[in-house]
Amino acid sequence: MEPSHKIVFKDLKPHIADAIKESCYKTDARLYNIANEVHHIGTFSVEPGVEIAEGLSKIIDKTIKDSLDLGCDLSVVVKGILLGAFRASPFLHQEAHKTIRILIKEILQPIAKYKGDVKPVIDGLLAAIVVIASEFKLNAQEALIIAEEDALSSAKEISSKLADDVKAALPNLNIT
């Protein structure tokens, strides 16, 4: 993880768990179980309810691994992770782009590690960006473009295969 250990998240686990449940378009016991398990992931808190970015990595890695093992809809899980983590970041207005970039990279790493399908990940990522832009009064079109560019550049840092998969999953883009 890049030098993002300074980023802290308030009530990260509850935010991610609630956002995964909120993102479900239908009742899916597997997804609700995944969301409930987020509370049990062992992380280090700097104070009660405050996680540092290392805890975020553990939460994302375990949540994505469990979701893949159970065959869950990754678009819902990714959307929930992004929404929950973004909502838990107290510095989002000052550092929205930085927070989104870190979250995208943190999500793509376990997707590559556990060989998950990239298409639903990108779908969930873009769906979350639209909601984030609406909730936090950001320019949605600009946020989508930045998220797409961040997804591709993060994927390139991880592996060329992941970069190819991300590029294929992104809507028709004019980025290289």
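For Lys62, the NZ atom counts as loosely surrounded, since its 6.0 Å shell holds 12 or fewer non-hydrogen atoms of other residues, nucleotides or ligands.
Of all heavy-atom pairs spanning Leu108 and Ala155, the tightest one is CD1-N, 4.0 Å. Here the closest non-hydrogen pair linking Ala19 and Gly84 is CB-N, 3.5 Å. Shown here for Ile64 and Pro110, the closest heavy-atom pair between the two residues is CD1-CG, 3.8 Å. For Val118 against Ala169, the heavy-atom pair with the smallest separation is CG1-CB, 4.1 Å. In terms of heavy atoms, Lys105 sits closest to Ser154 at CB-OG, 3.7 Å. Nearest heavy atom pair, residue Ala35 against residue Ala17, reads O-CB, 3.2 Å.
Proximity of Pro171 to Glu148: side-chain heavy atoms (C-beta onward) are separated by under 4.5 Å at one or more points. Two residues are said to be in side-chain contact when any heavy atoms from C-beta on lie closer than 4.5 Å; His97 and Asp150 meet this criterion. At a threshold of 4.5 Å between non-hydrogen side-chain atoms, the residues Ile34 and Leu70 count as touching. In this structure, the side chains of Ile59 and Ile16 come closer than 4.5 Å at one or more pairs of heavy atoms.
Applying the side chain to side chain contact (heavy atoms under 4.5 Å, CB included) criterion to Ser134, with sequence neighbours excluded, gives no partner residue. Residues meeting the side chain to side chain contact (heavy atoms under 4.5 Å, CB included) test with Lys115, sequence neighbours left out: none. For Leu144, the side chain to side chain contact (heavy atoms under 4.5 Å, CB included) partners at least two apart in sequence or on another chain are Leu126, Ile129, Val130.
Rounding to the nearest 0.5 Å places CG of Asp73 at 10.0 Å from OG of Ser23. Distance check: Leu103 CG to Arg101 CZ gives 10.5 Å after rounding to the nearest 0.5 Å. Note that OG of Ser67 is 6.5 Å distant from CD1 of Ile20, once rounded to the nearest 0.5 Å. The distance from the CG atom of Leu162 to the CD atom of Gln109 is 9.5 Å, given to the nearest 0.5 Å. In this structure, CZ on Phe86 lies 4.5 Å from CD1 on Ile100, to the nearest 0.5 angstrom. Once rounded to the nearest 0.5 Å, the distance linking CG of Leu152 with NZ of Lys156 reads 4.5 Å.
No single ILVMFWY cluster, assembled from side-chain heavy atoms under 4.5 Å apart, contains both Ile81 and Tyr32.
Under the side chain to side chain contact (heavy atoms under 4.5 Å, CB included) test applied with Lys79, the options Leu82, Leu83, Val76 reduce to a single match, Leu83.
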Practice prompt. Before giving the answer on side chain to side chain contact (heavy atoms under 4.5 Å, CB included), spell out for Ile107 and Leu125 the whole-Å C-alpha distance, their side-chain angles and the decisive distance to 0.1 Å.
Written response: CA-CA 9 Å; Ile107 288 168; Leu125 183 153; 5.9 Å; no

Discussion item. Between Arg87 and Phe136, is the side chain to side chain contact (heavy atoms under 4.5 Å, CB included) condition met? List the steps.
Written reply: CA-CA 9 Å; Arg87 289 171 181 163; Phe136 297 99; 4.1 Å; yes

Discussion item. Please evaluate residues Glu142 and Ile146 with respect to the criterion side chain to side chain contact (heavy atoms under 4.5 Å, CB included), reporting the C-alpha separation (whole Å), side-chain torsions for both, the decisive distance (0.1 Å), and the verdict.
Written reply: CA-CA 6 Å; Glu142 183 178 304; Ile146 290 169; 3.9 Å; yes

Item to complete: Given side chain to side chain contact (heavy atoms under 4.5 Å, CB included), test Ile111 with Leu74 step by step and report yes or no.
Response: CA-CA 10 Å; Ile111 293 301; Leu74 280 178; 4.0 Å; yes

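Between the side chain of Lys13 and the backbone N or O of Ile41 there is at least one donor-acceptor pair closer than 3.5 Å.
With respect to Lys113 and Asp61, a salt bridge is recorded, a charged nitrogen being found less than 4.0 Å from a carboxylate O. Between Lys119 and Asp117 there is no salt bridge, since no side-chain nitrogen of the basic residue lies less than 4.0 Å from a carboxylate oxygen of the acidic one.
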